[in-house]
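Right, one structure below, let's go through it.
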Number of protein chains: 2
Amino acid sequence: MAKRSVGGEIKLTLGQYLASIRDDRGFSQRDVEKATNKVVSNAYLSQIENNQIKRPNPNILNSLAELYNISYEDLMERAGYVVPTRSRRGDEQRHGRIATFAEHNLTPEEEAKLVEYLGFLRSKK
Amino acid sequence: MAKRSVGGEIKLTLGQYLASIRDDRGFSQRDVEKATNKVVSNAYLSQIENNQIKRPNPNILNSLAELYNISYEDLMERAGYVVPTRSRRGDEQRHGRIATFAEHNLTPEEEAKLVEYLGFLRSKK
DNA sequence: TTTGCATGCTTGACATTCTAAGCATTTTAG
DNA sequence: CTAAAATGCTTAGAATGTCAAGCATGCAAA
(Lines give C-alpha, C1' and ligand atoms only; values in the text may rest on other atoms or scores of the structure.)
Protein backbone atom coordinates (compact mmCIF):
# COMPACT_ATOMS: atom_id res chain seq x y z
CA MET A 1 0.00 0.00 0.00
CA ALA A 2 0.97 3.54 -0.42
CA LYS A 3 3.09 4.93 2.27
CA ARG A 4 1.63 8.04 3.78
CA SER A 5 3.98 10.94 3.84
CA VAL A 6 1.69 13.86 3.48
CA GLY A 7 3.71 16.99 3.27
CA GLY A 8 6.82 14.93 3.76
CA GLU A 9 9.96 16.15 2.09
CA ILE A 10 11.06 12.65 1.28
CA LYS A 11 10.61 12.00 -2.36
CA LEU A 12 8.33 9.13 -3.13
CA THR A 13 9.59 6.43 -5.37
CA LEU A 14 7.83 5.98 -8.66
CA GLY A 15 6.19 2.88 -7.29
CA GLN A 16 5.02 4.47 -4.10
CA TYR A 17 3.63 7.39 -5.98
CA LEU A 18 1.74 5.27 -8.47
CA ALA A 19 0.36 3.04 -5.75
CA SER A 20 -0.85 5.99 -3.73
CA ILE A 21 -2.62 7.44 -6.72
CA ARG A 22 -4.24 4.16 -7.62
CA ASP A 23 -5.39 3.78 -4.06
CA ASP A 24 -6.84 7.23 -4.15
CA ARG A 25 -8.67 6.50 -7.36
CA GLY A 26 -10.05 3.30 -5.92
CA PHE A 27 -8.72 1.05 -8.64
CA SER A 28 -7.52 -2.48 -8.13
CA GLN A 29 -4.52 -3.60 -10.13
CA ARG A 30 -6.83 -5.63 -12.30
CA ASP A 31 -9.04 -2.63 -12.80
CA VAL A 32 -6.05 -0.88 -14.26
CA GLU A 33 -5.28 -3.82 -16.46
CA LYS A 34 -8.77 -3.72 -17.90
CA ALA A 35 -9.00 0.03 -18.17
CA THR A 36 -5.76 0.20 -20.09
CA ASN A 37 -6.75 -2.65 -22.34
CA LYS A 38 -3.91 -4.77 -21.03
CA VAL A 39 -1.36 -2.13 -21.84
CA VAL A 40 -0.51 -2.50 -18.16
CA SER A 41 -1.01 -6.00 -16.80
CA ASN A 42 -1.87 -6.39 -13.15
CA ALA A 43 1.28 -8.41 -12.57
CA TYR A 44 3.41 -5.77 -14.12
CA LEU A 45 1.74 -2.99 -12.24
CA SER A 46 2.50 -4.82 -9.03
CA GLN A 47 6.15 -4.94 -9.97
CA ILE A 48 6.18 -1.30 -10.84
CA GLU A 49 4.53 -0.34 -7.59
CA ASN A 50 7.07 -2.40 -5.68
CA ASN A 51 9.97 -0.76 -7.45
CA GLN A 52 11.07 -3.89 -9.17
CA ILE A 53 11.03 -2.08 -12.47
CA LYS A 54 13.37 0.86 -12.70
CA ARG A 55 12.16 2.40 -15.88
CA PRO A 56 8.87 1.30 -17.37
CA ASN A 57 8.39 2.14 -21.00
CA PRO A 58 7.23 5.75 -21.36
CA ASN A 59 4.18 4.59 -23.23
CA ILE A 60 3.16 2.57 -20.22
CA LEU A 61 3.67 5.58 -18.01
CA ASN A 62 1.51 7.54 -20.39
CA SER A 63 -1.32 5.02 -20.13
CA LEU A 64 -1.21 5.25 -16.37
CA ALA A 65 -1.03 9.02 -16.46
CA GLU A 66 -4.11 9.19 -18.64
CA LEU A 67 -6.06 6.72 -16.55
CA TYR A 68 -5.15 8.39 -13.27
CA ASN A 69 -5.39 11.82 -14.76
CA ILE A 70 -1.96 12.85 -13.65
CA SER A 71 1.02 14.28 -15.46
CA TYR A 72 2.84 12.09 -17.94
CA GLU A 73 5.83 14.38 -17.74
CA ASP A 74 5.91 14.00 -14.00
CA LEU A 75 5.91 10.25 -14.30
CA MET A 76 8.69 10.37 -16.84
CA GLU A 77 10.71 12.47 -14.51
CA ARG A 78 10.07 10.20 -11.57
CA ALA A 79 11.14 7.26 -13.70
CA GLY A 80 14.43 8.96 -14.45
CA TYR A 81 13.85 9.99 -18.02
CA VAL A 82 14.91 13.32 -19.34
CA VAL A 83 11.75 15.30 -19.97
CA PRO A 84 11.46 17.44 -23.08
CA THR A 85 11.46 21.06 -22.09
CA ARG A 86 9.18 23.32 -24.02
CA SER A 87 11.33 26.34 -23.50
CA ARG A 88 14.28 24.75 -25.15
CA ARG A 89 12.37 23.13 -27.93
CA GLY A 90 13.20 24.28 -31.41
CA ASP A 91 16.73 25.29 -30.64
CA GLU A 92 17.84 23.16 -33.47
CA GLN A 93 16.59 25.79 -35.78
CA ARG A 94 18.92 28.44 -34.57
CA HIS A 95 21.59 27.62 -37.07
CA GLY A 96 20.09 30.41 -39.03
CA ARG A 97 19.26 28.65 -42.20
CA ILE A 98 15.67 28.81 -43.19
CA ALA A 99 13.93 25.50 -42.85
CA THR A 100 13.62 25.08 -46.53
CA PHE A 101 11.11 22.31 -46.51
CA ALA A 102 9.22 23.36 -43.45
CA GLU A 103 6.39 24.65 -45.57
CA HIS A 104 6.27 21.83 -48.02
CA ASN A 105 4.19 19.52 -45.90
CA LEU A 106 6.29 16.60 -46.91
CA THR A 107 4.68 13.24 -46.59
CA PRO A 108 6.82 10.63 -44.86
CA GLU A 109 7.29 9.02 -48.26
CA GLU A 110 8.55 12.19 -49.84
CA GLU A 111 10.75 12.85 -46.89
CA ALA A 112 12.33 9.44 -47.23
CA LYS A 113 12.95 9.84 -50.93
CA LEU A 114 14.47 13.25 -50.53
CA VAL A 115 16.80 12.08 -47.81
CA GLU A 116 17.83 9.19 -49.97
CA TYR A 117 18.44 11.52 -52.85
CA LEU A 118 20.45 13.88 -50.67
CA GLY A 119 22.61 10.98 -49.59
CA PHE A 120 23.17 10.17 -53.23
CA LEU A 121 24.07 13.73 -54.04
CA ARG A 122 26.57 13.91 -51.25
CA SER A 123 28.03 10.50 -51.85
CA LYS A 124 29.37 11.46 -55.24
CA LYS A 125 31.72 13.82 -53.47
CA MET B 1 18.29 3.37 -48.30
CA ALA B 2 14.63 4.00 -47.92
CA LYS B 3 12.75 0.90 -47.03
CA ARG B 4 10.07 -0.08 -49.43
CA SER B 5 7.05 -2.01 -48.31
CA VAL B 6 4.73 -4.09 -50.41
CA GLY B 7 2.22 -1.33 -50.67
CA GLY B 8 4.83 1.00 -52.02
CA GLU B 9 4.86 3.12 -48.92
CA ILE B 10 8.17 4.58 -47.93
CA LYS B 11 8.95 6.06 -44.59
CA LEU B 12 12.06 7.37 -42.95
CA THR B 13 13.01 5.17 -40.06
CA LEU B 14 14.53 6.47 -36.87
CA GLY B 15 17.80 4.89 -37.89
CA GLN B 16 17.84 6.45 -41.31
CA TYR B 17 17.04 9.81 -39.88
CA LEU B 18 19.77 9.63 -37.24
CA ALA B 19 22.29 8.39 -39.77
CA SER B 20 21.51 11.19 -42.16
CA ILE B 21 21.93 13.79 -39.45
CA ARG B 22 25.18 12.31 -38.25
CA ASP B 23 26.44 12.28 -41.79
CA ASP B 24 25.45 15.88 -42.15
CA ARG B 25 27.29 16.80 -38.98
CA GLY B 26 30.37 14.94 -40.14
CA PHE B 27 30.65 12.71 -37.11
CA SER B 28 31.85 9.16 -37.18
CA GLN B 29 30.12 6.68 -34.93
CA ARG B 30 33.15 6.75 -32.69
CA ASP B 31 33.06 10.51 -32.61
CA VAL B 32 29.58 10.23 -31.19
CA GLU B 33 30.70 7.70 -28.64
CA LYS B 34 33.40 10.09 -27.43
CA ALA B 35 31.27 13.20 -27.58
CA THR B 36 28.54 11.60 -25.50
CA ASN B 37 31.01 10.25 -23.00
CA LYS B 38 30.09 6.70 -23.91
CA VAL B 39 26.44 7.29 -23.29
CA VAL B 40 26.07 6.05 -26.85
CA SER B 41 28.62 3.44 -27.83
CA ASN B 42 29.65 3.18 -31.46
CA ALA B 43 28.41 -0.37 -31.63
CA TYR B 44 25.05 0.59 -30.31
CA LEU B 45 24.76 3.58 -32.56
CA SER B 46 25.39 1.32 -35.51
CA GLN B 47 22.55 -0.91 -34.42
CA ILE B 48 20.26 2.02 -33.92
CA GLU B 49 21.06 3.40 -37.35
CA ASN B 50 20.40 0.02 -38.90
CA ASN B 51 17.07 -0.28 -37.17
CA GLN B 52 18.08 -3.21 -35.05
CA ILE B 53 16.88 -1.38 -31.97
CA LYS B 54 13.22 -0.53 -31.93
CA ARG B 55 13.18 1.86 -29.02
CA PRO B 56 16.39 3.19 -27.61
CA ASN B 57 16.11 4.56 -24.13
CA PRO B 58 14.80 8.13 -24.23
CA ASN B 59 17.85 9.30 -22.37
CA ILE B 60 20.01 8.01 -25.18
CA LEU B 61 17.84 9.80 -27.68
CA ASN B 62 18.28 12.92 -25.63
CA SER B 63 22.06 12.65 -25.75
CA LEU B 64 21.95 12.32 -29.50
CA ALA B 65 19.52 15.19 -29.81
CA GLU B 66 21.79 17.43 -27.81
CA LEU B 67 24.90 16.44 -29.70
CA TYR B 68 23.28 16.84 -33.09
CA ASN B 69 21.35 19.86 -31.96
CA ILE B 70 18.03 18.47 -33.03
CA SER B 71 14.76 18.00 -31.24
CA TYR B 72 14.56 15.41 -28.49
CA GLU B 73 10.79 15.38 -28.82
CA ASP B 74 11.07 14.64 -32.49
CA LEU B 75 13.36 11.70 -31.80
CA MET B 76 11.00 10.38 -29.16
CA GLU B 77 8.17 10.55 -31.61
CA ARG B 78 10.14 8.85 -34.34
CA ALA B 79 11.05 6.12 -31.85
CA GLY B 80 7.39 5.52 -31.16
CA TYR B 81 7.12 7.09 -27.76
CA VAL B 82 4.20 9.23 -26.78
CA VAL B 83 5.44 12.77 -26.47
CA PRO B 84 4.23 14.91 -23.61
CA THR B 85 1.83 17.50 -24.94
CA ARG B 86 1.48 20.71 -23.05
CA SER B 87 0.11 23.07 -25.64
CA ARG B 88 0.31 21.29 -28.94
CA ARG B 89 -3.16 20.01 -29.60
CA GLY B 90 -5.81 19.42 -32.21
CA ASP B 91 -3.54 18.53 -35.05
CA GLU B 92 -5.00 15.18 -35.89
CA GLN B 93 -2.98 12.90 -38.08
CA ARG B 94 -0.93 15.49 -39.80
CA HIS B 95 2.70 14.84 -40.32
CA GLY B 96 3.58 16.78 -37.24
CA ARG B 97 7.28 16.30 -37.21
CA ILE B 98 9.86 18.92 -37.68
CA ALA B 99 10.83 19.43 -41.26
CA THR B 100 13.66 17.02 -41.81
CA PHE B 101 15.73 19.27 -43.96
CA ALA B 102 15.86 22.01 -41.44
CA GLU B 103 18.60 19.89 -39.90
CA HIS B 104 20.71 19.09 -42.89
CA ASN B 105 22.50 22.35 -43.55
CA LEU B 106 21.68 22.22 -47.20
CA THR B 107 23.84 24.13 -49.61
CA PRO B 108 21.93 26.27 -52.09
CA GLU B 109 22.81 23.75 -54.78
CA GLU B 110 21.47 20.86 -52.79
CA GLU B 111 18.41 22.81 -51.91
CA ALA B 112 17.75 23.53 -55.56
CA LYS B 113 18.20 19.94 -56.58
CA LEU B 114 15.96 18.67 -53.81
CA VAL B 115 13.24 21.12 -54.68
CA GLU B 116 13.49 20.07 -58.27
CA TYR B 117 13.34 16.44 -57.30
CA LEU B 118 10.36 17.05 -55.08
CA GLY B 119 8.61 18.67 -58.01
CA PHE B 120 9.40 15.64 -60.07
CA LEU B 121 8.05 13.33 -57.42
CA ARG B 122 4.84 15.23 -57.17
CA SER B 123 4.36 15.65 -60.88
CA LYS B 124 4.14 11.95 -61.56
CA LYS B 125 1.43 11.48 -59.00
C1' DT C 1 53.01 -2.64 -51.97
C1' DT C 2 52.74 -2.69 -47.16
C1' DT C 3 51.57 -0.79 -42.87
C1' DG C 4 48.59 1.41 -40.01
C1' DC C 5 44.48 3.48 -38.83
C1' DA C 6 39.71 5.10 -39.28
C1' DT C 7 35.17 3.56 -40.05
C1' DG C 8 31.11 0.79 -39.94
C1' DC C 9 29.50 -3.43 -38.57
C1' DT C 10 28.77 -8.03 -36.12
C1' DT C 11 28.82 -11.10 -32.33
C1' DG C 12 28.49 -12.93 -27.77
C1' DA C 13 27.34 -12.03 -23.22
C1' DC C 14 24.64 -9.94 -19.86
C1' DA C 15 20.90 -6.81 -17.91
C1' DT C 16 16.35 -5.36 -17.87
C1' DT C 17 11.72 -5.02 -19.31
C1' DC C 18 7.49 -7.27 -19.84
C1' DT C 19 4.09 -11.31 -20.22
C1' DA C 20 1.73 -15.59 -18.97
C1' DA C 21 0.48 -18.36 -15.54
C1' DG C 22 -0.52 -19.27 -11.18
C1' DC C 23 -0.29 -18.87 -5.72
C1' DA C 24 -1.86 -16.99 -1.02
C1' DT C 25 -4.87 -14.38 1.47
C1' DT C 26 -8.87 -11.81 2.15
C1' DT C 27 -13.57 -10.56 1.07
C1' DT C 28 -18.13 -11.43 -0.51
C1' DA C 29 -22.12 -14.32 -1.74
C1' DG C 30 -25.13 -17.99 -0.79
C1' DC D 1 -19.80 -22.08 7.20
C1' DT D 2 -18.29 -22.93 2.38
C1' DA D 3 -17.46 -21.56 -2.38
C1' DA D 4 -16.33 -18.26 -5.35
C1' DA D 5 -14.45 -14.05 -6.48
C1' DA D 6 -11.25 -10.41 -5.80
C1' DT D 7 -6.81 -8.73 -4.69
C1' DG D 8 -1.94 -8.42 -4.42
C1' DC D 9 1.96 -10.87 -5.41
C1' DT D 10 5.61 -14.18 -7.32
C1' DT D 11 8.10 -16.44 -10.83
C1' DA D 12 9.83 -18.42 -15.17
C1' DG D 13 10.96 -17.18 -19.38
C1' DA D 14 10.73 -14.61 -23.71
C1' DA D 15 11.93 -10.33 -25.71
C1' DT D 16 14.70 -6.53 -25.94
C1' DG D 17 18.32 -3.15 -24.77
C1' DT D 18 23.22 -2.41 -24.11
C1' DC D 19 28.25 -3.08 -24.07
C1' DA D 20 33.07 -5.01 -24.84
C1' DA D 21 35.57 -7.00 -28.09
C1' DG D 22 36.75 -7.88 -32.42
C1' DC D 23 36.15 -8.34 -37.69
C1' DA D 24 36.28 -6.42 -42.59
C1' DT D 25 36.92 -2.97 -45.64
C1' DG D 26 38.81 1.22 -47.33
C1' DC D 27 42.24 4.53 -47.53
C1' DA D 28 46.27 7.11 -46.98
C1' DA D 29 51.21 7.46 -45.97
C1' DA D 30 55.72 5.36 -46.31
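Keep in mind that what you see is a predicted model, and the values were worked out from it rather than measured. Note on naming: letters A, B, ... go to the chains in the order of the sequence lines (proteins, then strands), and numbering restarts at 1 for each one.
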Spacing between [X] atom [atom1] and [N] atom [atom2], to the nearest angstrom:
{"X": "Glu33(A)", "N": "dT7(D)", "atom1": "CD", "atom2": "C1'", "result": "12 Å"}
{"X": "Leu18(A)", "N": "dC9(D)", "atom1": "CG", "atom2": "P", "result": "13 Å"}
{"X": "Lys34(A)", "N": "dG8(D)", "atom1": "NZ", "atom2": "P", "result": "11 Å"}
{"X": "Gln29(B)", "N": "dT18(D)", "atom1": "CD", "atom2": "P", "result": "16 Å"}

Using a heavy-atom cut-off of 4.0 Å to chain A, what are the terminal contacting nucleotides of DNA chain C, in 5' to 3' order?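 The footprint of chain A covers dT16(C) to dG22(C).
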Looking at every non-hydrogen atom in both residues, tell me the closest pair between [X] and [Y] and how far apart they are.
{"X": "Val40(A)", "Y": "Thr36(A)", "result": "N-OG1, 3.1 Å"}
{"X": "Arg22(B)", "Y": "Glu49(B)", "result": "NE-OE2, 2.7 Å"}
{"X": "Asn51(B)", "Y": "Gln16(B)", "result": "OD1-N, 4.3 Å"}

Given protein heavy atoms under 4.0 Å, the one-letter contact record of nucleotides 23-28 of chain D, with B base, S sugar-phosphate only and - none, is simply ------
Rounded to the nearest 0.5 Å, what's the gap from [atom1] on [X] to [atom2] on [Y]? Could you check?
{"X": "Leu67(A)", "Y": "Asn37(A)", "atom1": "CG", "atom2": "CG", "result": "11.5 Å"}
{"X": "Ser63(A)", "Y": "Leu75(A)", "atom1": "OG", "atom2": "CG", "result": "11.0 Å"}
{"X": "Thr85(B)", "Y": "Glu73(B)", "atom1": "OG1", "atom2": "CD", "result": "9.5 Å"}
{"X": "Phe27(A)", "Y": "Leu64(A)", "atom1": "CZ", "atom2": "CG", "result": "10.5 Å"}
{"X": "Asn50(A)", "Y": "Leu45(A)", "atom1": "CG", "atom2": "CG", "result": "9.5 Å"}
{"X": "Leu14(A)", "Y": "Glu77(A)", "atom1": "CG", "atom2": "CD", "result": "11.5 Å"}

Output yes when a side-chain donor or acceptor of [X] lies under 3.5 Å from a complementary backbone atom of [Y], and no otherwise.
{"X": "Tyr81(A)", "Y": "Arg55(A)", "value": "yes"}
{"X": "Asn59(B)", "Y": "Gly80(A)", "value": "yes"}
{"X": "Tyr72(B)", "Y": "Val82(A)", "value": "yes"}

Does dT7(D) have its OP1 or OP2 closer than 4.0 Å to a side-chain nitrogen or oxygen of Ser28(A)?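 Checking dT7(D) against Ser28(A), a side-chain N or O does come within under 4.0 Å of OP1 or OP2.
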Heavy atoms within less than 4.0 Å of DNA chain D: which residues of residues 48-62 of chain A have one? Give them sorted by number.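 Asn50(A), Gln52(A), in order of number.
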My understanding is that only residues two or more places apart in sequence, or in another chain, count here; which of them pass salt bridge (charged side-chain N to carboxylate O under 4.0 Å, His left out) with Lys38(B)?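 Glu33(B).
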Rounded to 10°, tell me the angle between the two end axes of the helix from dT1(C)-dA30(D) to dG30(C)-dC1(D), each built from five pairs.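 About 10°, once rounded to a multiple of 10°.
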Decide yes or no on side-chain hydrogen bond (donor to acceptor under 3.5 Å, both in side chains) for Asp31(A) and Ser28(A), but give the supporting numbers first. CA-CA 5 Å; Asp31(A) 287 340; Ser28(A) 73; 3.3 Å; yes
Heavy atom of residues 38-47 of chain A under 4.0 Å from DNA chain C: which residues?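 Correct list: Ala43(A), Tyr44(A), Gln47(A).
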Apply side-chain contact (heavy atoms from CB on, under 4.5 Å) to residues Arg25(B) and Ile70(B) and explain how you reach the verdict. CA-CA 11 Å; Arg25(B) 300 298 189 266; Ile70(B) 58 180; 3.8 Å; yes
